[in-house]
Amino acid sequence: MGWKILLPQEIMDEGEQLLVDAGHTLIRGRGFETEDVLADMKEHKPDAMIVRITPITREVIEANPNLKVVVRHGAGFDALDVKACHDNGVQTLYAPVANSTSVAETAMLLMLECSRNVIELRKIWVQDYYKAKLKTRKTTVNGKTVGIIGCGNIGSRLAVRALGMEMNVLAYDPYKKADEFPEGVEVVRDLDRIFKESDYVSLHVPNTPITRGMVNKERLEMMKPTAFLINTARGGCVVEQDLYEACKNKTIAGAGLDAIQKEPVDPANPLLTLDNVIIYPHIGGNTMEAAHRASYFAAMGVQEVYEGKEPTWPINDIDYVTAPTYTDTKKPNKKSSGMFDF
């Protein structure tokens with residue numbers, strides 16, 4: 001006899017099919033909000049849940065003593081109270097590699113769009129073609145330096161793509177040994193170097209007590225006036241008012257954001273008024289390919305727990321304050337000049 005599995009949001013067909021073929025019963029959630037999931041928990045008492053965007057609180061977890069596993073449909077899990085799950089004997093899983101390529105591509109897209117000043121161009125080119133074409137600042141990424149903060153599944157993929165575009169790559173990740181970084185990357189252990197030397201600072205970290213608010217007025221003032229901040233990670237990593245002031249006052253050239261503090265965006269968010277800030281609705285991991293992979297991997301995780309197997313992608317409790325860190329470094333074998341010899 002299979003499990004009852006709650007789906008607060010739909011998943012792709014291959015994930016559903018895997019679960020149905022294994023004999024499980026799927027419960028379609030009544031809505032996207034936490035209160036909706038809480039009501040479903042109390043009514044249906046599911047054995048498992050695959051959740052995409054709804055914040056899952058301790059109250060939700062403790063409303064259903066029958067719950068055995070929660071799977072986050074994707075890489076981020078800060079909206080899931082992992083400690084509450086583990087306190088109540090509920091296993092937590094995720095799909096960390098399902099959307100890594102999609103998010104890395106989104107970071108690169110934001111870098112390219114920032115470099116071409118697309119918001120300003122979009123506003124003026126129909127009315128003033130020659131100003132858009134000849135007098136609006138546009139730059140190449142070739143030869144520029146990208147500083148990657150967090151070089152895990154996503155940051156590593158961005159590094160490889162940036163190297164392919166003949167960029168210089170600095171990467172900071174204190175929880176990773178130097179020899180685990182991609183070849184061609186310069187491993188940096190001083191976070192301030194990333195802000196001071198990079199033309200693009202790209203965030204790829206979870207929202208933790210260590211990273212929360214890490215991009216603030218002090219660090220933004222370290223950046224070059226021609227540099228851009230790219231955030232495809234979590235909005236909580238950036239002090240938004242400080243970023244607004246830095247972009248408005250041209251302390252930095254601008255920002256490309258796929259994550260902001262309040263989602264969906266507040267129409268009164270002052271960042272929306274700036275021509276040098278691009279904001280996406282947190283779509284980095286929402287390509288069709290990523291959704292198919294995440295759905296299948298999430299369903300696979302449920303089935304692994306059901307069968308008593310060791311799950312492939314468990315979410316572990318990590319104390320980032322006390323977790324071991326590394327100080328070894330690595331320089332690239334050959335630093336690209338970003339220029340061709342003619």
Side-chain angles (χ1 to χ4, degrees), residues 9 11-12 14-15 50-53 70-80 82 92-113 141 146-165 167 169-185 187 194 200-208 211 229-237 256-259 263 280-302 304 311-316 318 320:
Q9 296 87 41
I11 64 173
M12 305 301 280
E14 53 266 64
I50 297 173
V51 61
R52 297 185 72 166
I53 62 175
V70 177
V71 187
R72 248 292 293 143
H73 184 281
F77 51 85
D78 52 305
L80 170 63
V82 175
T92 54
L93 315 178
Y94 68 144
V97 298
N99 61 10
S100 300
T101 295
S102 298
V103 179
E105 288 180 355
T106 300
M108 181 59 71
L109 175 61
L110 283 165
M111 289 164 57
L112 290 166
E113 288 203 316
V141 298
V146 56
I148 296 173
I149 302 176
C151 202
N153 290 313
I154 297 168
S156 293
R157 284 167 170 77
L158 175 61
V160 171
R161 283 155 179 76
L163 289 166
M165 297 188 75
M167 300 182 75
V169 181
L170 307 179
Y172 172 87
D173 193 326
Y175 306 105
K176 191 169 186 173
K177 297 176 182 177
D179 62 7
E180 296 174 348
F181 286 71
E183 197 61 41
V185 169
V187 177
I194 297 288
Y200 303 87
V201 174
S202 192
L203 305 181
H204 302 281
V205 294
N207 188 15
T208 73
T211 63
L229 177 74
I230 308 296
N231 185 11
T232 56
R234 289 293 183 263
C237 299
L257 310 174
D258 189 41
E263 298 173 358
Y280 295 164
H282 212 149
I283 49 99
N286 288 93
T287 60
M288 290 298 296
E289 295 85 353
H292 283 287
R293 285 193 294 268
S295 292
Y296 186 83
F297 291 162
M300 185 181 79
V302 170
E304 287 174 333
T312 303
W313 291 297
I315 300 174
N316 298 311
I318 299 174
Y320 287 95

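The chain is numbered in sequence order, starting from 1.
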So does Tyr320 get a backbone contact from the side chain of Tyr175, meaning a donor-acceptor N/O pair under 3.5 Å? yes
For the pair Asn99 and Thr287, evaluate side chain to side chain contact (heavy atoms under 4.5 Å, CB included) and give the outcome as yes or no after the intermediate values. CA-CA 8 Å; Asn99 61 10; Thr287 60; over 6 Å; no
Distance (rounded to the nearest 0.5 Å) between Asn231 CG and Leu203 CG: 4.5 Å
Taking C-beta and beyond as the side chain, do Tyr94 and Leu80 meet within less than 4.5 Å on heavy atoms? no
I need the minimum non-hydrogen distance between Ala259 and His282, along with the two atoms involved. CB-CE1, 4.0 Å
Donor-acceptor pair, distance only, cut-off 3.5 Å: does the side chain of Thr211 make one with the backbone of Pro206? yes
Lys176 and Phe181 have their tightest heavy-atom pair at O-CE1, 3.5 Å
Donor + acceptor pair across side chains of Glu289, Ser102 (<3.5 Å): no
Side-chain contact, heavy-atom cut-off 4.5 Å: Ile149 with Val201? yes
How many angstroms lie between OH in Tyr280 and CG in Leu257, if you round to the nearest 0.5 Å? 10.5 Å
4.5 Å side-chain heavy-atom contact, Met288 and Met12: yes
Let me confirm one number: the CD-CG distance from Glu183 to Leu163, rounded to the nearest 0.5 Å. 9.5 Å
Interatomic distance, CG@Asp258 vs CD1@Ile230, rounded to 0.5 Å, equals 10.5 Å
Taking all heavy atoms of Ile53 and all of Gln9, pick out the closest pair and write down the distance. N-OE1, 3.2 Å
Are Leu158 and Met108 packed together at the side-chain level, in the sense that at least one heavy-atom pair is separated by less than 4.5 angstrom? yes
In terms of heavy-atom contacts, does OH of Tyr296 have more than 12 from other residues, nucleotides or ligands at under 6.0 Å? no
Which one of Ile50, Asp78, Val51 satisfies the side-chain contact (heavy atoms from CB on, under 4.5 Å) criterion with Arg72? Val51
Closest non-hydrogen atom pair, Ser100 against Pro96: OG-O, 2.9 Å
Verdict with supporting geometry, Val205 and Arg234, side chain to side chain contact (heavy atoms under 4.5 Å, CB included): CA-CA 7 Å; Val205 294; Arg234 289 293 183 263; over 6 Å; no
For a 4.5 angstrom cut-off between non-hydrogen side-chain atoms, does Met165 reach Arg161? no
If I take atom OG1 from residue Thr232 and atom CD from residue Glu105, how far apart are they, to the nearest 0.5 angstrom? 12.0 Å
Donor-acceptor check, side chain of Thr92 to backbone of Ile315, threshold 3.5 angstrom: yes or no? yes
So which heavy atom on Gly15 is nearest to which on Ala299, and how close? O-CB, 3.3 Å
Over all atoms of both residues, closest heavy-atom pair of Ser156 and Cys151: OG-O, 3.0 Å
Just so I know, are the side chains of Thr312 and Phe297 near enough to count as touching, which here means a heavy-atom distance under 4.5 Å? no
Can you find a pair of side-chain heavy atoms, one from Arg52 and one from Asn286, that are under 4.5 Å apart? yes
